[in-house]
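This is a predicted model, so every value here is computed, not measured.
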Amino acid sequence: MDRRFFLTTMALTPLFANDFTKNPKDIYLSYSEYQILNNLNSRLKRLRKFVGFANFNLVSYSEALYYGRNYSAVGSFTNDELSLIDKLFYESTEQYGFFGQKTCFNIENKISKKTVVKIPRTGHYLFKGKALEDYTKLRKDVGSTLVLTSGVRNVFKQLSLYCNKLYRNGGNITRATLDIAPPAYSYHTISDFDVGRKGWGYKNFTSDFALTFEFEKMKKLDYISMRYNKNNNDGVRFEPWHVEVI
């Protein structure tokens, strides 16, 4: 079955059905891949719960498989799940309209705790050096209402975010890739971080953040930049909250 048309065989919500009608060129997972994604997405959530929110940001591929094999609370990753992980990590993204640079070439990428710092009361880490220096300056120049909303993300954390977005979009890879970088393409794996306005919750990950006074102050600073401006060449949505470490 053509992956673009598998959704017509499923019991869809009106949202997904309408989305499909309006975007006939979008690429979808096959029906069987979507079923595997459902199981994988659930397992990744169990893994996050097992290792803890903060630790999940750093967990490596081999560590994830180890936890799966040895702890029933997570459960072993199936061969089908591992094959789907390989697909999502290694497959070229240009067919989905994503033209960003690959930032991680090794699915086994490891991040040592010696290279990162855990930021209090956030559940996130930042890389030592320029990223930590930039965030420290931002808090000083913008004010304490600016908070870290996402920092270091190893492959499996980015994979989890991507799988969840892919699942919520009914297997629409094109749409999911517009909203979040695939697991091999995230700058969070090597440098960048996200910030937001204290108390804003999910709104910090919308274009509304560009309307805040925190963002207005950030625009005047010359030691940081915005990774994904409007109409960027990478094919990523506008992300005013995403700080590029330069």
Side-chain angles (χ1 to χ4, degrees), residues 44-64 66-67 71 73-74 103-104 109-165 179-181 183 186-228 239-246:
L44 291 171
K45 289 179 179 179
R46 294 198 299 271
L47 176 62
R48 181 183 64 188
K49 182 177 181 181
F50 182 79
V51 302
F53 180 84
N55 289 331
F56 190 54
N57 287 307
L58 305 182
V59 70
S60 69
Y61 180 91
S62 58
E63 288 171 337
Y66 171 83
Y67 290 128
Y71 296 94
V74 179
T103 61
C104 182
N109 186 60
K110 298 183 188 301
I111 296 176
S112 170
K113 283 195 174 181
K114 293 181 180 180
T115 66
V116 299
V117 174
K118 189 175 182 181
I119 306 302
R121 295 179 295 280
T122 69
H124 295 291
Y125 292 87
L126 288 175
F127 283 106
K128 293 179 180 178
K130 188 64 163 56
L132 180 60
E133 292 170 5
D134 286 352
Y135 178 69
T136 302
K137 289 181 181 177
L138 274 172
R139 291 271 291 174
K140 179 179 179 180
D141 293 339
V142 177
S144 60
T145 57
L146 190 78
V147 294
L148 181 69
T149 57
S150 189
V152 178
R153 301 179 195 158
N154 205 356
V155 171
F156 250 68
K157 172 60 179 287
Q158 189 68 19
L159 171 72
S160 178
L161 295 173
Y162 188 69
C163 283
N164 192 56
K165 182 66 68 172
D179 287 342
I180 188 167
S186 174
Y187 282 92
H188 285 268
T189 306
I190 60 172
S191 59
D192 293 359
F193 57 90
D194 297 338
V195 294
R197 186 177 190 177
K198 187 175 182 179
W200 255 36
Y202 184 75
K203 286 181 67 177
N204 283 320
F205 297 100
T206 70
S207 58
D208 286 348
F209 181 67
L211 304 177
T212 65
F213 72 87
E214 287 86 355
F215 181 73
E216 286 298 318
K217 288 186 176 181
M218 288 171 58
K219 289 195 300 183
K220 300 175 182 178
L221 304 175
D222 60 4
Y223 55 86
I224 59 166
S225 183
M226 190 192 314
R227 174 71 66 181
Y228 300 118
E239 293 190 354
W241 61 85
H242 186 131
V243 177
E244 176 183 1
V245 178
I246 57 177

Undergrad: So that I can tick it off, tell me whether D194 and R153 are bridged by a salt bridge, with the cut-off set at under 4.0 angstrom between side-chain N and carboxylate O.
TA: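 D194 and R153: salt-bridged.
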
Undergrad: Quick one, L221 with D141, criterion side-chain contact (heavy atoms from CB on, under 4.5 Å). Give me CA distance, side-chain angles, the key distance, then yes/no.
TA: CA-CA 9 Å; L221 304 175; D141 293 339; 3.9 Å; yes

Undergrad: Taking atom CZ of F213 as the centre, does the number of heavy atoms from other residues, nucleotides or ligands within less than 6.0 Å exceed 12?
TA: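 Correct, the count exceeds 12.
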
Undergrad: Counting only heavy atoms not in K130 (residues, nucleotides, ligands), do more than 12 fall under 6.0 Å from its NZ?
TA: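 Atom NZ in K130 is crowded, with more than 12 foreign heavy atoms closer than 6.0 Å.
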
Undergrad: Establish, yes or no, whether the cationic atom of R227 lies under 6.0 Å from the six-membered ring centre of Y187 and within 45° of the ring axis.
TA: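 Relative to the ring axis of Y187, which defines the angle, R227 lies inside both limits.
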
Undergrad: Contact between I224 and E244 at the side-chain level, heavy atoms closer than 4.5 Å - yes or no?
TA: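 Side chain of I224 against side chain of E244, heavy atoms only: no contact under 4.5 Å found.
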
Undergrad: Nearest 0.5 Å, what's the OG1-NZ distance between T115 and K110?
TA: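 With rounding to 0.5 Å, OG1 (T115) is 13.0 Å from NZ (K110).
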
Undergrad: Find the distance between CH2 (W241) and CE (M226) and round it off to the nearest 0.5 Å.
TA: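 Nearest 0.5 Å value for the CH2-CE distance: 10.0 Å.
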
Undergrad: Assess the residue pair Y61 and L159 against the criterion (side-chain contact (heavy atoms from CB on, under 4.5 Å)); give the C-alpha distance rounded to whole Å, side-chain angles, the decisive distance to 0.1 Å, and a yes or no.
TA: CA-CA 10 Å; Y61 180 91; L159 171 72; over 6 Å; no

Undergrad: Hey, are K217 and E214 close enough for a salt bridge, meaning a charged N less than 4.0 Å from a carboxylate O?
TA: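 Looking at E214 together with K217, the answer is no, because their closest N to O distance does not fall below 4.0 Å.
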
Undergrad: When rounded to the nearest 0.5 angstrom, what is the spacing between CD in E216 and CG in L211?
TA: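 Those atoms lie 8.5 Å apart.
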
Undergrad: Looking at CD of E63 and CG of L47, how far apart are the two atoms once the value is rounded to the nearest 0.5 Å?
TA: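 The CG atom of L47 is 9.5 Å from CD of E63, to the nearest 0.5 Å.
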
Undergrad: Side-chain contact test, heavy atoms from C-beta onward, threshold under 4.5 Å: evaluate it for N109 versus I111 and give yes or no.
TA: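 SC-SC contact between N109 and I111 confirmed.
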
Undergrad: Please lay out, stage by stage, how F50 and Y71 fare under the test ring pair (Phe, Tyr, Trp, His ring centres under 6.0 Å).
TA: CA-CA 9 Å; F50 182 79; Y71 296 94; 4.7 Å; yes

Undergrad: Checking R121 against V147 for the side-chain contact (heavy atoms from CB on, under 4.5 Å) test, could you report, in this order, the C-alpha distance in whole Å, the side-chain angles of both residues, the deciding distance, and whether it holds?
TA: CA-CA 10 Å; R121 295 179 295 280; V147 294; over 6 Å; no

Undergrad: Look at atom NZ of K198 and say whether more than 12 heavy atoms of other residues, nucleotides or ligands are closer to it than 6.0 Å.
TA: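 Not buried by this count: 12 neighbours or fewer within 6.0 Å.
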
Undergrad: Side chains of M218 and V195: closer than 4.5 Å at any heavy-atom pair?
TA: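 Yes, close enough: below the 4.5 Å cut-off.
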
Undergrad: Among side-chain atoms of K157 and T189, is any donor-acceptor pair under 3.5 angstrom?
TA: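 The answer is no; no qualifying pair exists.
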
Undergrad: Determine the sole option in I119, N57, T149 for which the side-chain contact (heavy atoms from CB on, under 4.5 Å) test with H124 is passed.
TA: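 Among I119, N57, T149, the one meeting side-chain contact (heavy atoms from CB on, under 4.5 Å) with H124 is N57.
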
Undergrad: Please report the closest heavy-atom contact between N204 and R197, naming both atoms and the distance.
TA: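 Reported closest heavy-atom pair: OD1-N, 2.7 Å.
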
Undergrad: Is any side-chain heavy atom of F127 less than 4.5 Å from a side-chain heavy atom of L132?
TA: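 Contact flag for F127/L132 side chains = no.
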
Undergrad: Under 6.0 Å from the ring centre and within 45 degrees of the ring axis: does the NZ or CZ of K137 meet both conditions for the six-membered ring of Y223?
TA: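 The answer is yes; both the distance and angle limits are met.
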
Undergrad: Do D192 and V243 have side chains that approach each other closer than 4.5 Å (heavy atoms only, starting at C-beta)?
TA: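 Result no, sub-4.5 Å side-chain heavy-atom pair not found.
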
Undergrad: Ring of Y125, cation from K113 - is the NZ or CZ under 6.0 Å from the centre and inside 45° of the axis?
TA: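 No, a cation-pi geometry is absent between K113 and Y125.
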
Undergrad: Are the side chains of V116 and L126 in contact, using a 4.5 Å heavy-atom criterion?
TA: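 Result no, sub-4.5 Å side-chain heavy-atom pair not found.
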
Undergrad: Report the distance from atom OG1 of T103 to atom CD1 of I190, rounding to the nearest 0.5 Å.
TA: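 Reported to 0.5 Å precision, the distance equals 5.0 Å.
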
Undergrad: Would you compute the distance between atom CG of N154 and atom CZ of F56 and round it to the nearest 0.5 angstrom?
TA: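 If we round to the nearest 0.5 Å, N154:CG and F56:CZ are 10.0 Å apart.
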
Undergrad: Are side-chain heavy atoms of V155 and S60 found at a separation under 4.5 Å?
TA: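 Result no, sub-4.5 Å side-chain heavy-atom pair not found.
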
